[in-house]
Undergrad: 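Quick one: this structure, given as structure tokens, is what I'll be asking you about.
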Amino acid sequence: MNVLSSVVSAQHRPELREGWRGLRFDRHLPREAVHKAADAEVLLSDSARLGEERFAVAARWSRDHHLGRRDGPGADPVLLAETVRQAAIHLAHRFHGSTYGHPFVLHGLAVDLDRPLPPAGPDGLDVGLDLDCRLLAPRRPLPGRERFALEGVAWAGRRPVGRVRLRWEVLAPERYAVVRQRSTEAAGAPEQPPPAPLPLDAARAGQTRPEDVLLAADPERAGRWWLRPFEHHPVLLDHAVDHVPGMVLVEAFRQAVAAITPGAAAGRELRGLDAEFLAFGEPGSPIAVLAAPAPEGVVRVRAVQDGRPIAEARLRRPEAPC
């Protein structure tokens, strides 16, 4: 189901304010709770169960976090997406008993904002998630595989700002190895980028630092870029993985939207993100990112590797001024 058109029951559920009582925003959870290697990359600060499948999650965004370091009036929508991703990991471990050390595989991630996110001030920004998180019953039982879904409302500065959705599964290492092998075998012949693609200018990519630009322009085709090396980026990849992380692709998608949209703030002021992850991105093989405008302020973006799409998304830009 597409979160850009979904509606969360009990709109905005203002009683989350009651659920926030007792939750802390002045600390961060342990790194292992959200699968991070660096303390600075942990966004969550606390959580509580509000019902059988309903949870409150607290987070604190600092003003100088990488995903928030952009010129603009408000906080970064991709930072909210990363907060939801960390919440999924934490809730699966703490409340559903998922085993530490088992790989998490992201399938879908969506954010739909009703209003721009407020900026993080000198003391940071308190963020809350009011989530329904459930373990899905499989169509046929598969040992070593757990499928999850969450959806709910995001709050920032104690005001509701929009809705979020995420789908993922947790795999035992032996099952993950089988899935990875099948994905590798399904890949086609690598498509090589043209010689010397040029990195996007930082401002055109919606960034302030050249080292944060993930895309290089394709001189042979408008609307196509190539993913640049990211292996040494301290935030987008703060620990070793055997595939291209989903959040790297999300950030690349946002930069593609900024590149085709007039105005330097276009990529920062997204109002909607709805991404599907279709296959593992393999390190070392070129990935093309293609973007094209669609009606009603939506941009459709795809990541293609070895002849097959590995991810696709719809990103919604702010409405044009009247």
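Heavy-atom basis, side chains included; hydrogens, waters and symmetry copies ignored.
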Undergrad: Quick check: does any side chain N or O of Arg271 sit under 3.5 Å from a backbone N or O of Leu113, one acting as donor and the other as acceptor?
TA: no
Undergrad: Any heavy-atom pair between the side chains of Leu273 and Pro77 that's under 4.5 Å?
TA: no
Undergrad: In the single-linkage hydrophobic clustering (I, L, V, M, F, W, Y; side-chain heavy atoms under 4.5 Å), do Phe55 and Leu135 co-cluster?
TA: yes
Undergrad: For residues Leu198 and Trp226: do they belong to one hydrophobic cluster (side chain heavy atoms under 4.5 Å, members Ile, Leu, Val, Met, Phe, Trp, Tyr)?
TA: no
Undergrad: Mind checking the OG-CD1 spacing from Ser98 to Ile89? Nearest 0.5 Å is all I need.
TA: 10.5 Å
Undergrad: What are the two closest heavy atoms between Thr83 and Ala59, and how far apart are they?
TA: CG2-CB, 3.8 Å
Undergrad: When rounded to the nearest 0.5 angstrom, what is the spacing between CD in Gln255 and CG in Leu214?
TA: 4.5 Å
Undergrad: Looking only at heavy atoms, which two atoms of Ala120 and Trp61 are closest? And how far apart?
TA: CB-O, 4.0 Å
Undergrad: What do you reckon, is CZ of Arg308 surrounded by more than 12 foreign heavy atoms closer than 6.0 Å?
TA: yes
Undergrad: Quick check: do Arg134 and Leu136 have side-chain heavy atoms less than 4.5 Å from each other?
TA: yes
Undergrad: If you compare all heavy atoms of Ala258 against all heavy atoms of Gly206, which two are closest, and at what distance to 0.1 Å?
TA: CB-N, 4.0 Å
Undergrad: Would Leu171 and Val178 show up in the same hydrophobic cluster when neighbours are defined by side-chain heavy atoms closer than 4.5 Å?
TA: no
Undergrad: In sequence, state the C-alpha distance, the side-chain angles, and the governing distance for Arg165 and Asp112, and then conclude on salt bridge (Lys or Arg N to Asp or Glu O under 4.0 Å).
TA: CA-CA 9 Å; Arg165 176 185 288 264; Asp112 183 21; over 6 Å; no
Undergrad: Ignoring hydrogens, what is the shortest heavy-atom contact between Val164 and Val111? Give both atom names and the distance.
TA: CG1-CG2, 4.2 Å
Undergrad: About how many Å separate CG of Leu166 and CG of Leu131, when rounded to the nearest 0.5 Å?
TA: 9.5 Å
Undergrad: Is Val248 linked to Val105 within one hydrophobic cluster, defined over Ile, Leu, Val, Met, Phe, Trp and Tyr using a side-chain heavy-atom separation of less than 4.5 Å?
TA: no
Undergrad: Please find the pair of heavy atoms, one from Ala252 and one from Leu215, that lie closest to each other, and give the distance.
TA: O-CD1, 3.5 Å
Undergrad: Show your reasoning for whether salt bridge (Lys or Arg N to Asp or Glu O under 4.0 Å) applies to Arg180 and Glu282.
TA: CA-CA 10 Å; Arg180 288 293 286 119; Glu282 301 296 340; 2.8 Å; yes
Undergrad: Quick one, Asp39 and His28 - any side-chain contact, counting heavy atoms below 4.5 Å?
TA: no
Undergrad: Treat each ILVMFWY residue as a node, draw an edge where side-chain heavy atoms are under 4.5 Å apart, and state whether Leu79 and Met247 are in one component.
TA: yes
Undergrad: How long is the span from the CH2 atom in Trp168 to the CG atom in Leu150, to the nearest 0.5 Å?
TA: 4.5 Å
Undergrad: Please test Asp274 against Arg316 for salt bridge (Lys or Arg N to Asp or Glu O under 4.0 Å), starting from the C-alpha separation and ending with a verdict.
TA: CA-CA 9 Å; Asp274 191 349; Arg316 182 164 58 87; over 6 Å; no
Undergrad: If you count the non-hydrogen atoms of other residues, nucleotides and ligands that lie under 6.0 Å from CD in Glu52, is the total more than 12?
TA: no
Undergrad: Side-chain contact test, heavy atoms from C-beta onward, threshold under 4.5 Å: evaluate it for Arg85 versus His35 and give yes or no.
TA: no
Undergrad: Side-chain donor-acceptor contacts of residues 283-303 below 3.5 Å, not counting sequence neighbours, with atom names and distances?
TA:
{"residue": "Ser285", "atom": "OG", "partner": "Asp306", "partner atom": "OD1", "Å": "2.5"}
{"residue": "Ser285", "atom": "OG", "partner": "Asp306", "partner atom": "OD2", "Å": "3.3"}

Undergrad: Run the salt bridge (charged side-chain N to carboxylate O under 4.0 Å, His left out) test against Glu211 and tell me which residues pass, sequence neighbours left out.
TA: Arg209
Undergrad: Answer yes or no: is there a side-chain heavy-atom contact under 4.5 Å between Gln305 and Leu227?
TA: no
Undergrad: Begin from the C-alpha positions of Glu41 and Arg31 and carry the test salt bridge (Lys or Arg N to Asp or Glu O under 4.0 Å) through to its verdict.
TA: CA-CA 8 Å; Glu41 301 313 315; Arg31 299 188 303 271; over 6 Å; no
Undergrad: Could you measure the distance from the CG atom of Asp126 to the CZ atom of Phe25? Nearest 0.5 Å is fine.
TA: 5.0 Å
Undergrad: Side chain to side chain contact (heavy atoms under 4.5 Å, CB included) for Leu270 and Phe253? Distances and angles first, verdict last.
TA: CA-CA 11 Å; Leu270 292 174; Phe253 287 170; over 6 Å; no
Undergrad: Might you point out which heavy atoms bring Ala216 and Pro197 nearest each other, and give the distance in Å?
TA: CB-CB, 3.8 Å
Undergrad: Do Leu80 and Leu129 touch side chain to side chain, with heavy atoms closer than 4.5 Å?
TA: yes
Undergrad: Is the shortest distance from a Lys or Arg side-chain nitrogen in Glu185 or Arg182 to a carboxylate oxygen in the other one below 4.0 Å?
TA: no
Undergrad: Could you measure the distance from the CZ atom of Arg24 to the CZ atom of Arg60? Nearest 0.5 Å is fine.
TA: 11.5 Å
Undergrad: If you define the side chain from C-beta out and look only at heavy atoms, does anything of Phe104 sit under 4.5 Å from His93?
TA: yes
Undergrad: Please tell me if the side chains of Val127 and Leu43 come closer than 4.5 Å, counting only heavy atoms from C-beta onward.
TA: no
Undergrad: Show your reasoning for whether side chain to side chain contact (heavy atoms under 4.5 Å, CB included) applies to Arg147 and His107.
TA: CA-CA 10 Å; Arg147 296 173 56 244; His107 290 298; over 6 Å; no
